[in-house]
Enquirer: 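Just passing along the structure, written as structure tokens.
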Amino acid sequence: MANFTKLSFKKGELNQKLADLFKGMMEKGVVDALLAPMIQPKRGVMLTLVTDPSLVGAIDPFAPVVPVNGARIASSITGKPSGRKTAMVLRSCEIRALVELCKLKQAHLDDVLLIGMDCLGRYENLDFIKLRAEGQSSEAFIEKALAGNTESGGCDVSGACKICEFPVADNVDLRLCIIGTGSDALYIESLTPKGDKALETAGLGIGEAPAGREAAVQQLVKKRKDACDAAFAQYRESTPSVDALEDRLANCINCYNCRVACPVCYCKECVFVTDTFRHNGDQYMGWADTFGTLKMPTDTIFYHLTRMSHMSLFCVGCGQCTSACPNSIDLMPMFKAVAQKTQARFDYQAGRSHEEKQPLTVFENDELVEVTGQIK
Amino acid sequence: MELCLFLGCNTPAIRPDVERAIRATMPELGVDLADAEGYVCCPAFGSFPSTDDDSYLASSGWNLSIAEAKGLDIMVQCGSCYSSLRMGRDHLAHDEEKLARVNELIELTGRKLECKTKVRHISEILYNEVGAEKISRSIKKNLSGLHGIVQYPCHTLFPSEIVGFEESPREPKALRILTEALGATVDHYSRELQCCGGAGGFSKSSPAEATEFAKTKLDAIIEETKADFIVVSCITCLMYLDNIQKKLNEVEGTDKYHIPVFDYNQLLALCMEFDPRQVASICTVPRNKVIDKIMAG
Amino acid sequence: MDFSSSDKDLWKQIYNTKDLLHCFNCSTCLSGCPASHGDPPLLVRNLARMVVYGLEEDLLNDDTPWACVSCSRCEEMCPMDVKPFEMILAIRRWQTLNDETRVPTAIVEIYKRGYTQSVGTNTELRKSLGLPELQTITKMPEMLKLYQEMLMKTPVVSENDYMFNEE
Amino acid sequence: MSEFEPKIVGFFCNWCTFTAADLAGTSRLSYPHNIKIIRMMCSGMVDPKYVIKAFLNGADGVLIGGCWPGDCHYINGNLKARRRVAMLTEILKEYGIDEKRFWLRWIAASEGTMLREVVNEMTAKLKELGPSPLNRETPGKKTPGNETPEKVNPEKVKMIG
Amino acid sequence: MAEKKPTGTVLVAGAGVSGIKAAIELAEIGYKVLLTDASPQIGGILAKLDNQFPTDHCGMCRMLPLVGREYASQYCMRKGLYHENIEILPFTELKSVEGDAGNYTIELLQKARYIDTDKCNGLGECIKVCPVEVGDEFNHGLTKRKAVYKPVPHNTPQMLLIDMAACTKCGECVKVCPTNVINLEAEDELSTRQVHAIILASGVKLYNLEEFEDAKSWAVSPDVVSSLAFERIISGSGTFDGTIKRPSDGKAAKKIAWIQCMGSRNRRQKRDYCSSICCMFALKEAVLAKEKGGDDVETTIFYMDMRTFGKDFYQYYEKAVDEHGVKLIRCRVQGVMLNPDKSLSMRYFDSETQEFFVVDYDMVVLSTGQVPYETHKKLADLLHVAINAQGLLPTDPYEKVKLIKPGMFLCGSLMGLTDLSEAISSGIAAAGQVSRFLSGIDVTLLEEEEIPEPTAKDRDEPLISIVLCKCSEKAKESSVDFNALGAGLKKLNSVGEVNIIDMVCSDEGKQTVLDLLSKSKCNRLLIGACHPFMYRKSLKNLAKKAGFSASLFEIIDLSSIVHKGFFESETKDQTRLAYNEIRAVIENLKLKPALHVETLPINPAALVVGGGIAGMHAAFSLAQRGVKVHLVEKSDTLGGYAGTKIEHTIDGLTPISMAKDLTIKVLEHKHITLYKNCEVVATQGSLGAFETKIRDLAKEENFYLNHGAAIIATGGHEGVTAEYEYGNSDQILTQAELKDGLTTGEIDVGEAETIVMIQCVGSRQKDGREYCSRICCIGAIANALTIKEKNPEARVFILYRDVMTYGFAEQYYTQARLAGIIFVSYSLENKPKVELKDGSPVITFTEPVLNSEMQLSPDYLILSTGVDAEASNRDVGKAFSLPVNGDGFFVEADSKWRPVEFLKVGLYVAGVAHSPMTLKDAILQAEAAAHKTYAYLSGRKIHTAHVISKVHHAICVKCQRCVDICPYGARSYDEVLDRIIVDGATCQACGMCGVACQNNAAEIMGFSDKQIMAVIDARLYRDPVATTAQ
């Protein structure tokens, strides 16, 4: 059943409206703190944790940029819960990652009012700053993007966003809807009792769903899906083999930025930077012996394949890995493609639900018989 | 040794050539035979044994006492006579009351029964008393080159503790060994231990089934063996297996069933060169092939 | 069928022996029984059960006991030593005792000539085979008399003497 | 010119397949030397890293041998292994490492014969497939690590007994 | 000085599973064990079985000790048993026993093998040349063997011997023997030994087709085999490589029939008992036949009663029938007839259709049972005791494993007819009885050789000392050039020295090594020798003495390089193969961390939950051995169900008075503290250091108990039902109510005409108790007999599904029939119907023999409602975090091999808490559980293993995947410390955590990624033989 609150705004006042909304929420004690993308004094937009209601003015959630996947931030705030009620405004990719982190006990949502926002994509960090400098506002982007065009000034949203089937976030208490709501209104949808209570305390009434929304969302999702299939087809075209994989990773320098940026690579310290991978001279020589040559630094492909075996089941395809690579290796398609396969094998989908158990933590006596193909 | 020959009814009445064979061969092997004058029905299981103890045991007693009077054990060829007498004796030997009662009943004959007399089957005598080896020594002709199969009389097997004399009632071998002693090759076949189907009420109450029963046996013999003949040591088996083949051929409309059937003593007699016309003359399935072969050999 | 109507002590009349009670219906007796091929089949196990239950009616009207070939195979095979053949004879006796039509004609013949068929009368044939004259009881009238006199003292014959006396 | 001899790395559970290998050995069921056995305490102990490494080091095939379901010395390690193998296969496939090169098999301690069959079967299959794309050996090249130790004069080595 | 007390020495006669288990248990607590077996090998029947239900596979290794496991064999039990405290004497017979309790002089006759197995390399050159061929008894004559042969073809090391009966003394073997260890003139050796206690475990004879008359009607074809022979046919190591072919012509067998009760339940053949094991055996084989032979294999079992009485048996039975489609026919068949096409024809009668069927099978398997008595008579004479009325050895009425003669015990099938799990429990129980007995006399335990761990040098650069034993050089196949090998290895980085010597295993050899190493500069040691598992521990101690840390030491099996088929290559260049093998080990050794065994702090007190007979027995058994016991009982009386409700049992036991005596013993014992009206709330800790929160229900307050281990013996009670109008008429009672009524006289059956009993009420069905309660059939019979005593005229009907009078209880079934009690079977699909006609029950059912509807209007209707688990089990389970199954009984570690243990070390189960069982079995389990407990609380040092998992807290993110994945619950997250904790005793180093943890914060010490990856490297250094085809 629909459970929407309409928030109309005049052109240029969207952020203001949202600021008022959260100010109110904090003052009415719905939450003690707010985590949301905020415009930074100098440049750019970053997730910011606000505990003083008077300082929520800089909020700009729809800014098309995600410098860091918010799941990591949410995890650092709630990993050891503070006990303070916090509202968090995040995007689908961040929330899906967050769901996985919860299963891995790296985050706890008990004190969190989780607010998802419709996402039309993000620009790479530097592109975004450039566009901002050129004066592009979030509202302008929304309008453009809803019209189906994200390209501007030679920049476009990241490849990951183009093929993301989840413009709308699930597993949230509240949703900030801008897709199919008309250009002058934002809708807040409540999906949980927690959400209902929040709206109620915030003194917001309850109304019907915006007429065009469902259709609009579906249409967008379809578009993204098609794009995704196309991209994969094209990608698999290009990377069918070990050789192609090696080409792709040829420039990897083992900086591990990709795993640092990855929201579901939750290890404190990657195994590849532990002693396990600190080798002796004679070992290097041994490897060189084996094939006669040895590319340095070693363990690049080893690292990426291992990382896949670790996180492909949790991968939410946010594309931060690609963004993070200093040598512009487009890792996202690799991982997302594999993730699609591995997750499908267990009929699992990262971030779909808190209830789904992570595939490698459970097992059945008489499953996957095809693996060995043996009957006693 | 001397034994009292109990002939029963079928042998003297229908297959006297078997009686002839017995009377001819046994003395040759050192077994002299005395007759049981005035003996009566064994009695057949379908008669007194099925009505009451008194009449059953009295009849057994009647017969036993004849031999006992002569101080001889009884030798029987007919399977059911053997088993009826032997069981009757068994009852009397183990139940003094019954024995006393029987003595009351047979008193009028002036005979008295102490159950000293034993009841023995002819093949047991041949097997244990005479022995295969003596038999092969005493024959002039032999069955070499001939294949046979043996038909064990159920009455000499079960229940082993009363009528049995084989080491294992489930794997009898006396008749086989005796037949091999005559130089024949005895073939094994799957239905060897299956009943001939001839006995008792069965063949009367369900003739069709009884015939079928014999058929499976004969088919197995034909299919699995090179049998030139069937050896039996029970008159019922002899008559039934011999007669049924003709009947089967009629029913089936074939002539595939023509394996001659001999009582063991008939073969023995032939090997001792007694006149076939005397010792092996009565039969439905012609025996000449086998007989000629023996005579020639 | 209601057991209250059945006679719980019937087995004592018919086959009063602990052997019968040993039976646990394992069916061993059935599988090798020649007469079980008959129509109707002789089902020893079922008979034993009927005796134990005391199903008088059914037992009395059952012909199958008379189909037994008396091979005693069941006796040999029975793992519980129930002595099924003995039981069959016992049932036959109980039937004859309670139903004169069950009296086997064979015993009349035996009464009359000592055997179920005429023995030793085929003198010619026997001669041709070189066989001696056979001293059968048929040929010894006074002996036969004694035999008959003896049989008259036994229950079934005396009970049904009319079958034997009329000429 | 010798025929291609695939290299198979076998990660064998100590309680079943490793014993079966012994058994096959002692029962003189010789099998191809292609298999390079590495003893694991349990098939569930085989980390994806190991498999990946084996392939990267030029193994043409990897065989994991575990206990039959319900039979694991460690209750259910084999079942966990099975899931992991399923996952890893998907990854390897994506990168042109044919799933026919990566086997998990249940082989009980008493099934030395079966082990031999499996190894033979796998060897044959790999010969069909040819060398793994990651097996970059240049034939004939001498490898310092590995030439047969040349005959030496006993004096050079301390000898006792 | 006072003379040293003798070391407690125990003879275990019989090395089947129960014997082996008893031996291991005693050896583990430090007694010396002589383990003899009359046959040339150990393992008993089990050596022949690759598969046991319910897992359908082996799992034999699960009976090995769990703590300090490196020192017990780490190897498959099929390869043999290696324990320093166990002296194994196969092919040895017990000839005489003299002396009295605690001091026996025994004579052992060791039969000549004609081969010195210590020196024999087991490769069987002799076998190749031996001209004599005879049937191989191991494969039941399905295969042939030579006069010189391997008793168990798949054992390593091989223990060859010569069958003198068959040997022609041609001497060929002597000529070819490379180690010349064959002496055809060898003679049996008679030796005299002193032992303090004796356990008899020689098992019973098995029914065989050759010997027994009633089998002869089946012996018509080689395709009729015994169930044990069938095991060999389907065995992977067996006759046809595990595929099912019929012996006569090797054709695939597609239709197979099993015949139950061969040689059992046969009064005529004087065997009026049930062999207990055959039904499950047949079910298992039928299932296996389908699994191995494919779905088109048809399996049929001809049976009388499907006696699936054990724990989880019934589920297995359901699975076999429902999932695998095993066909069951209730009919005993006289014999089988051979058809011309070799198929086997069987004729059976089908009661439902009242028709005969003739079916042809490819194979017929005779479920041949056990044949007691003969063995028992012989033993009884040997021990100077008289066999009891049942023809068995005279034992204590309540304690099956305790002979009436002090210091003598028995276990396994000798007790009666046992299945695997009972054999194992009895083995443990017997060991327990022995240790109880020995603790009362003046003997000591073997001193654990304590060699101080030298200070670890793993921080130094690894420098490896290599010692190679060149004895294998002598082997004919050997082409290893040790000089070359040594030189090659010497060149390797971090190899300090290479020494080549002869016969390391010999004492001189060891001394030489010791001298060498004491001088060595190296910090790691690699020894190359043969069959290392045989003397791993002695070499380890040697290394320690020489100052090498035990964990920085490796042994490599050189013989395998020389001998094993799978190392063979075209080049036959063993030197290179050896070099590569050793190099791989070196790579591993280089990276090995120095590990240390921890000595666990052990609180020598036990907690026993439940004051029933099992609980009290366990408590007393422990207290007797000086262990402090806390006995917690939730009611205010001791005795439990049996001890308060059952006056007497059919086999003459009197539980109530027995419980009274036991209660007094328990109350009086200074080591036992009793807590009535108390129940367990929660517990934490691990082996040696548990702390359990107890709730005093009376005082309504909590307190804590500290203990080193715990035994769960919470028992059970009679089941309840609403079926069959129960509760709606005072003529409808449960068996227990009837038993009470009969004893108190409240129920008078004097006038009763008809009494009907219904078995399996609410039992053995999916939506009810999915198990057999084991005691109801015997209980019903007992009651029925009492009724018959009081009123012989009464007609008693027992409506049953399968009469579960297994083992010698069969005699009660027979006895009942003799008393005129009438048994009528019904099927689950067609249960009897009960309705009330003016208050009285009327029962309608189908009589299966005559296949007709029958009706009874009894004076009493008695329901056998089975045994229910205590409801509190679930809470107790939660408190100890122990698994409880769907029926509310506790789930043991392994139904066959670890029947009284839980996966978590230090916790044990006994009695009905485990599953419904008879009083004797409950006491047996209690004894076993007590012993497992004692083994840890006896005061000897308990070390953790070297190889266990560790946590690198610095990089651990506490995602707790390791906690979830650990099969033993050895890992937990401590919120206070905010850390992952590892219970060193419980951890079995299976490595699950290591894999689950993605950055190796969880790691198996000694099995680190670094090591394994180094080995992978070594393994894949290019092998010149393998070159890519052009």
Side-chain angles (χ1 to χ4, degrees), chain A residues 235-236 239-246 248 271-272 276-277 282 285-293 298-306 308-310 312-313 334-335 337-346 348 359-376, chain D residues 7 43-44 47-58 64-66 68-71 76-99 102-108 111 114 118 132-138 141-147:
Chain A
Y235 165 75
R236 292 217 165 80
T239 316
S241 70
V242 176
D243 299 359
L245 169 68
E246 285 181 329
R248 217 169 235 281
V271 63
F272 277 82
T276 310
F277 285 85
D282 57 338
M285 289 305 164
W287 296 325
D289 288 342
T290 309
F291 297 140
T293 62
T298 54
D299 300 333
T300 50
I301 298 185
F302 191 8
Y303 157 72
H304 287 288
L305 283 172
T306 306
M308 269 178 198
S309 74
H310 285 173
S312 76
L313 286 166
M334 283 171 57
F335 282 85
V338 171
Q340 195 192 34
K341 282 278 167 60
T342 51
Q343 296 182 17
R345 181 77 185 251
F346 300 103
Y348 183 80
L360 294 188
T361 61
V362 286
F363 51 83
E364 298 295 326
N365 224 324
D366 35 24
E367 64 178 357
L368 299 169
V369 279
E370 72 279 5
V371 172
T372 63
Q374 290 167 292
I375 22 117
K376 273 177 240 160
Chain D
K7 285 182 292 180
S43 53
D47 191 302
K49 280 200 286 307
Y50 307 160
V51 179
I52 296 168
K53 179 166 179 67
F55 278 116
L56 289 173
N57 283 30
I64 300 179
W68 285 89
D71 201 19
N76 50 29
N78 48 354
L79 302 180
K80 295 162 185 164
R82 180 166 57 188
R83 278 207 163 211
R84 232 173 272 120
V85 168
M87 185 263 305
L88 192 52
T89 312
E90 294 299 327
I91 296 177
L92 295 174
K93 262 196 302 194
E94 261 317 279
Y95 294 111
I97 296 172
D98 195 315
E99 55 192 312
F102 180 30
W103 293 20
L104 169 67
R105 288 294 181 273
W106 309 138
I107 300 167
E111 294 173 330
M114 192 210 266
V118 169
S132 148
L134 281 158
N135 178 357
R136 298 287 160 69
E137 279 190 11
T138 43
K141 187 182 163 301
K142 213 152 171 307
T143 321
N146 214 67
E147 73 283 330

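Lettering of chains follows the sequences in order, A, B, ..., and the numbering in each one begins at 1.
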Enquirer: Please classify the contact between A/D299 and chain D as side chain, backbone, both or neither, with a heavy-atom cut-off of under 4.5 Å.
Expert: neither

Enquirer: In terms of heavy-atom pairs under 4.5 Å with chain A, which of D/L88, D/V51, D/N57 leads?
Expert: D/N57

Enquirer: As an exercise: rank A/V362, A/L313, A/I301 by heavy-atom pairs under 4.5 Å with chain D and give me the winner.
Expert: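 Of A/V362, A/L313, A/I301, A/V362 has the most heavy-atom pairs under 4.5 Å with chain D.
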
Enquirer: For a 4.5 angstrom cut-off between non-hydrogen side-chain atoms, does A/R248 reach A/Y235?
Expert: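 The answer is yes; the side chains approach within 4.5 Å.
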
Enquirer: Is any side-chain heavy atom of A/M308 closer than 4.5 Å to one of D/Y95?
Expert: yes

Enquirer: Below 4.5 Å from any heavy atom of chain D, which atoms of A/S312 appear? Answer side chain, backbone, both or neither.
Expert: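 The answer is the side chain of A/S312.
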
Enquirer: Is there side-chain contact between D/S132 and D/I97, with at least one heavy-atom pair below 4.5 Å?
Expert: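 When only atoms from C-beta onward are counted, D/I97 and D/S132 do not touch, as no gap falls below 4.5 Å.
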
Enquirer: Counting heavy-atom pairs under 4.5 Å with chain A, which one of D/M87, D/K80, D/E99, D/R84 comes out on top?
Expert: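 Highest number of pairs under 4.5 Å: D/M87.
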
Enquirer: Non-hydrogen atoms of chain D under 4.5 Å away: do they reach the side chain of A/E370, the backbone, both or neither?
Expert: neither

Enquirer: Which atoms form the tightest heavy-atom contact between D/P69 and D/R82, and what is the distance?
Expert: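 The answer is CG-NH1, 4.3 Å.
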
Enquirer: Contact part of D/W103 toward chain A, heavy-atom cut-off under 4.5 Å: side chain, backbone, both or neither?
Expert: neither

Enquirer: Is the distance from the ring center of A/Y303 to that of A/F277 below 6.0 Å?
Expert: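 No, they do not, as the ring centres are separated by 6.0 Å or more.
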
Enquirer: Do the side chains of D/W106 and D/M114 get nearer than 4.5 Å, heavy atoms only?
Expert: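 Side chain of D/M114 against side chain of D/W106, heavy atoms only: no contact under 4.5 Å found.
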
